[in-house]
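Here is the structure we will look at.
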Amino acid sequence: MTTETAAEAATAGGTPPEGTPGTRRTASGPGRLLVAVYAVFAVAATSRALVQIITKFHEAPVAYLLSALAGVVYILATIGLTRSSAAGRRLATAACAAELVGVLTVGTLSVVDRDLFPDEAVWSVYGQGYFFLPVVLPALGLWWLRRSRGGRFAPATVHRLVGRGAPSPRGPE
Amino acid sequence: MVRVIAVAVAVTALLLAAWVFFLAWQSRQIGRAVIAGAGAVEALILAQVIGAIVLVARGERADEPLTFVLYLIASVVALPLGAWWAVGERSRSGTAVLGVAALVVAVMLQRLQQTWS
């Protein structure tokens, strides 16, 4: 079975393709809400950047290119979160991490030196134009990716083990 | 932009968002009543689109036509897409997705107003 069909099966309500216990699909539960918000940001940032690049690129090229980059990162995060494969999880984690670094870097630069960004980028002043969600989202994303992950040391598994009492002395499982 | 309809859309979208988030908080699922409510907001949005087309046909123009059209499209597709993603999972988070879509509509209407006047 290819990863693609495994993902489809999981979307249709089957079990997650990963064999690790306690793993949840990233697009279920709180993840479903996260996917929705990421999709909104993907569309908003990408289309806004495209309009700015098409109509007035010379005014603030750095800001507009950074917005376009932010848009691409949001698209990758959305795709990663909707996939239930391990690759999807890695993609989402990388995108969220890049987003966190980006919003903190651009946010700080835009506060320190306003002349760098004559026009607003998605990430300027930590996402002020977007209710500061750009700085909250990657943190939530990384939290959710960690929480929904299976395996021995994942929070979900730890909860399960603690709930049933300490693991047997012969070792877990 | 027909101001009366725009205000009506924004207000009803915010009411819908409040209602849906309340349901999500109570861990309830989206039922027929919510879908009907979302349908009513969507009808107002479509009326707004028709109003905008009539105004443009009469010769009025938005300050940033391209942005205006994109926001208009976004306001139309937000609720149907949100409802589709929301009912895909019968859970508290699934319900909240429709609330997010309703908030997006309210923001779109505010942005539309900015690009028009």
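Below, chains carry the letters A, B, ... as their sequence lines are ordered, and counting in each starts from 1.
- Between A/Gly29 and B/Ser93, the closest heavy-atom pair is O-CB, 3.1 Å.
- One distance of note links CD of A/Gln52 with CD of B/Glu64; it measures 9.0 Å at 0.5 Å rounding.
- Residues A/Val101 and A/Val135 are members of separate hydrophobic clusters, defined by side-chain heavy-atom contacts under 4.5 angstrom among Ile, Leu, Val, Met, Phe, Trp and Tyr.
- At most 12 heavy atoms of other shown residues, nucleotides or ligands fall within 6.0 angstrom of atom CH2 in B/Trp84.
- By the criterion of side-chain heavy atoms lying less than 4.5 angstrom apart, applied directly or through intervening Ile, Leu, Val, Met, Phe, Trp or Tyr residues, A/Ile53 is not grouped with A/Ile75; the two fall into different hydrophobic clusters.
- A/Ala45 meets the side chain to side chain contact (heavy atoms under 4.5 Å, CB included) test with A/Tyr74, A/Val122; sequence neighbours excluded.
- Between chain B and the options A/Val40, A/Leu34, A/Val51, the largest number of non-hydrogen pairs under 4.5 Å is found for A/Val51.
- Residues B/Val107 and B/Leu81 fall into different hydrophobic clusters, defined by Ile, Leu, Val, Met, Phe, Trp and Tyr side chains chained together at heavy-atom separations under 4.5 Å.
- Between the CH2 atom of B/Trp85 and the CG atom of A/Leu33 there is a distance of 11.0 Å, given to the nearest 0.5 Å.
- Here B/Leu70 contributes atom CG and A/Arg48 contributes atom CZ; the two are 12.5 Å apart, rounded to the nearest 0.5 Å.
- Proximity to chain A (any heavy atom under 4.5 Å) is shown, for B/Arg90, by neither the backbone nor the side chain.
- No chain of hydrophobic side-chain contacts below 4.5 Å, direct or via other Ile, Leu, Val, Met, Phe, Trp or Tyr residues, connects A/Val125 to A/Tyr64.
- A donor-acceptor pair under 3.5 Å is absent between the side-chain atoms of A/Arg32 and the main chain of B/Val97, judged by distance alone.
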